[in-house]
Amino acid sequence: MVEAPESLPWWKRGVIYQVYPRSFADSNGDGIGDLGGILAHLDYLNDGTPASLGTDAIWLSPIFASPAYDFGYDVSNYNEVDPLFGRLADLDELIRQAHERGMRIILDLALNHTSHLHPWFDESRASRTSPKRDWYLWQDARPRGGPPNHWQSVFGGRAWQWDPATTQFYYHMFLPQQPDLNWRNPQVREEIEKVMRFWLERGVDGFRLDVVNAYFKDAQLRDNPFHWGLRAYDRQVHAYDADQPELLSVYAEMRKLVDEYGDRMVVGELLRGSPKKIWRYCGAGRLHLAFSFDLISCGWNPLAFQRAILACEQALGPEGWPCYALGNHDVSRLVSRYPGRHALERAKVAAALLLTLRGTPCLYQGEELGMKDGLVPRGKIRDPAGKRYWPLYPGRDPTRTPLPWSDGPGAGFTNGDPWLPINPDFRSVNVARELEDPHSVLSFYRRLIWLRRSSKALNSGSFRSLLKNPKGGLAYLRESEEETVLVAMNFYQRPTQLVLDEDLPTSQWEWRLGTHPGRSGLQVGNTLSLLPYEVCILQGAR
Ligand code: GLC
Ligand code: CA
């Protein structure tokens with residue numbers, strides 16, 4: 001791959017796009033997205049011109065062999081592509097064609113646990129004396145019976161499953177079909193190392209590491225302290241079933257291994273992440289990045305967003321590097337989180353924020369279209385969490401419905417029967433229509449990403465808020481040695497005046513991008529007057 005000489009590595013400068021393969025595009029009519037579907041649509045993501053989205057990397061949710069109790073997050077063979085998605089050769093081709101377009105491929109490794117059908121677990125559960133017994137977390141019942149402690153599973157119920165054949169419990173942080181590996185066993189670590197090398201040698205550019213702070217559990221299996229919460233899992237402070245001190249040695253080993261291959265990276269998904277944890281787990285000799293999900297839990301008000309951003313900026317410091325997301329395959333979609341008549345305007349404000357912050361932005365497929373959560377009737381629920389908690393919680397299917405490519409049959413996603421229902425609004429919210437409409441959410445994303453690519457201040461510069469107590473919107477500067485960019489946005493439907501808390505470094509500003517193109521009347525002084533839901537991105541003269 002030809003790389004323009006730049007000061008920051010690609011994983012800091014670039015934009016990551018998360019593909020959820022089952023729902024991206026189906027190439028063989030079985031109703032399930034696959035590698036062929038992704039290959040057919042690579043130009044949509046990046047064809048080298050601003051007609052495409054312009055993303056720099058694709059994070060592929062798991063495509064490994066899996067019985068799919070948790071839709072790929074339960075792996076039965078880490079070195080094989082699941083036949084549902086294609087063959088190993090298709091993945092090689094995807095890596096090749098992505099690289100040709102200047103895009104990287106990041107695979108999603110769920111290494112905290114395997115599938116209960118993984119041959120390692122088969123062997124481990126075969127007998128108490130199996131050589132692989134210690135590869136998982138087996139424990140005797142308490143003297144009076146019952147599981148060794150009160151730890152709960154994230155998906156509901158006890159985290160311990162009784163195995164009648166060998167009369168012991170095994171631990172599963174998620175489903176009983178997802179037994180946790182014993183990361184204290186050196187053989188397990190050796191095997192994982194082999195898996196990582198296998199993929200790095202095939203040319204993948206990095207990994208997204210699933211629940212990367214859960215690999216170790218307290219060696220003494222102490223009960224967690226009590227906490228107020230709705231579900232049993234939330235009624236515990238997770239002091240002993242995650243975030244154990246041994247993690248840092250694993251991160252150091254992984255970092256060393258990945259760095260052997262040059263310009264690659266690992267991005268961690270943290271269970272109950274916080275800026276402090278990101279700071280602790282990322283940096284030299286540790287993970288390259290960890291997602292910050294703090295923007296996802298913000299209410300729709302600028303103060304909440306500013307607090308989340310500053311908390312991350314302060315915890316990580318100027319050397320640290322945030323990695324923000326507004327959504328993923330586990331959470332309700334942005335347009336459904338902030339619903340109403342102006343949801344699409346809000347989607348644009350949020351997009352502008354994500355793509356102009358300091359840090360690596362990660363978009364989830366469909367976010368760029370302003371997709372809503374899908375409607376999944378009870379009988380069509382596939383997600384185990386949805387099945388368990390319906391109707392209190394609909395589960396994660398609504399955020400995983402197929403990506404609508406056109407207003408044609410099957411929304412251009414499939415010729416067959418889609419595995420989850422197509423969203424009812426697919427005739428207006430689809431790729432083909434939005435590509436043609438200069439005012440669509442997609443067109444706005446495209447312009448933002450290409451602006452970010454071309455601007456050093458936006459992709460690498462520092463961040464400085466211009467408002468101490470934002471009310472109507474946000475205003476901040478992004479600065480590199482060469483450029484200053486001013487970003488201002490109105491979060492509401494009424495016009496707003498943002499009174500800046502400090503003088504701007506220049507009074508001469510050139511319009512770069514906004515939601516109201518052609519608006520040249522913006523006066524840039526210590527007060528910025530913005531129209532309803534207006535976003536303005538201006539470049540300062542030096
Ligand atoms: C992560 C994944 C989620 C999965 C869980 C268990 O949180 O994002 O989809 O269910 O880990 O692997
Ligand atoms: Ca298919």
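As the structure is a computational prediction, the values presented were derived from the model and not from experiment. Ligands are counted one by one from 1 in listed order, and the atoms in each one are counted from 1 as well.
- Aromatic pair Phe71/His329: ring centres not closer than 6.0 Å.
- For Val75, the side chain to side chain contact (heavy atoms under 4.5 Å, CB included) partners are Phe64, Tyr78, not counting sequence neighbours.
- Using bins of under 30°, 30° to 60° and over 60° for the plane-to-plane angle, the ring pair Phe24/Tyr17 lands in the perpendicular bin.
- Asn182 and Asp134 share a side-chain donor-acceptor pair at under 3.5 Å.
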Can Asn149 and Asp223 be said to form a side-chain hydrogen bond (donor to acceptor under 3.5 Å, both in side chains), step by step? CA-CA 6 Å; Asn149 65 22; Asp223 278 340; 4.6 Å; no
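- Atom CH2 of Trp279 sits in a sparse spot, with 12 or fewer heavy atoms from other residues, nucleotides or ligands closer than 6.0 Å.
- Distances shorter than 3.0 Å separate the Ca ion (ligand 2) from the protein N/O/S atoms Asp26 OD1, Asn28 OD1, Asp30 OD1, Ile32 O, Asp34 OD2.
- Residues Phe226 and Trp228 place their aromatic rings such that the two centres sit under 6.0 Å apart.
- Residues lining ligand 1 at a heavy-atom distance below 4.0 Å are given as Asp70, Tyr73, His113, Phe155, Phe174, Gln178, Arg208, Asp210, Val211, Glu269, His329, Asp330, Arg396, Arg400, ordered by chain and residue number.
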Apply ring pair (Phe, Tyr, Trp, His ring centres under 6.0 Å) to residues Tyr44 and Trp405 and explain how you reach the verdict. CA-CA 10 Å; Tyr44 165 67; Trp405 290 95; 5.1 Å; yes
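- With sequence neighbours excluded, the residues that form a side chain to side chain contact (heavy atoms under 4.5 Å, CB included) with Asn423 are Met371, Thr401, Asp425.
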